[in-house]
Amino acid sequence: MHSGGTTGKSKTVALSNRACNSLVYNLFRSINDPYDERDGMLTVLPLFHGFGLVVGAHASMCSRMAITLMER
């Protein structure tokens, strides 16, 4: 994933699958609500941002939820 960082200088940030899975597991555990394929998620965070990608797309795929992307 590419980032401008705080300095404005372009850099690449590596996101591992293990880190993404860990964030998703902790998210689901912290809200104490099991999701499954009968649920759906409205994704409003931008997918070009690391947190938006993990919470908006990876989390719903891990729990087999349907993903709906909000255009604006």
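Count residues from 1 along the sequence.
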Non-hydrogen atoms of Ile67 and Ala57 that approach each other most closely:
CD1-O, 3.9 Å

Atom CZ in Arg38, atom OG in Ser63: separation rounded to 0.5 Å?
12.0 Å

I'd like to check the side chain to side chain contact (heavy atoms under 4.5 Å, CB included) partners of Lys11; sequence neighbours left out, ordered by chain and number.
Ser3, Thr7

Thr12: which residues meet the side-chain hydrogen bond (donor to acceptor under 3.5 Å, both in side chains) condition with it, sequence neighbours left out?
His2

Roughly how far, to the nearest 0.5 Å, is the CG atom of Leu23 from the CG atom of Leu27?
6.5 Å

Residue pairs passing the salt bridge (charged side-chain N to carboxylate O under 4.0 Å, His left out) test where at least one lies in residues 47-59, sequence neighbours excluded:
none

Can you list every pair that meets ring-ring contact (aromatic ring centres under 6.0 Å, His included) and has a residue in residues 4-28, with sequence neighbours left out?
Phe28-Tyr35

Assess the residue pair Met61 and Val24 against the criterion (side-chain contact (heavy atoms from CB on, under 4.5 Å)); give the C-alpha distance rounded to whole Å, side-chain angles, the decisive distance to 0.1 Å, and a yes or no.
CA-CA 10 Å; Met61 287 187 283; Val24 168; over 6 Å; no

Salt bridge (charged side-chain N to carboxylate O under 4.0 Å, His left out) pairs touching residues 12-32, sequence neighbours excluded, are none

Residues pairing under salt bridge (charged side-chain N to carboxylate O under 4.0 Å, His left out) where one sits in residues 51-71, two or more places apart or in two chains, turn out to be Glu37-Arg64

Side chains of residues 39-55: which donor-acceptor partners sit under 3.5 Å, not counting sequence neighbours?
residue	atom	partner	partner atom	Å
Asp39	OD2	Asp36	N	3.2
Thr43	OG1	Gly56	O	2.8
His49	ND1	Phe51	N	3.1

Please, which pairs that meet salt bridge (charged side-chain N to carboxylate O under 4.0 Å, His left out) have at least one residue in residues 42-61, sequence neighbours excluded?
none

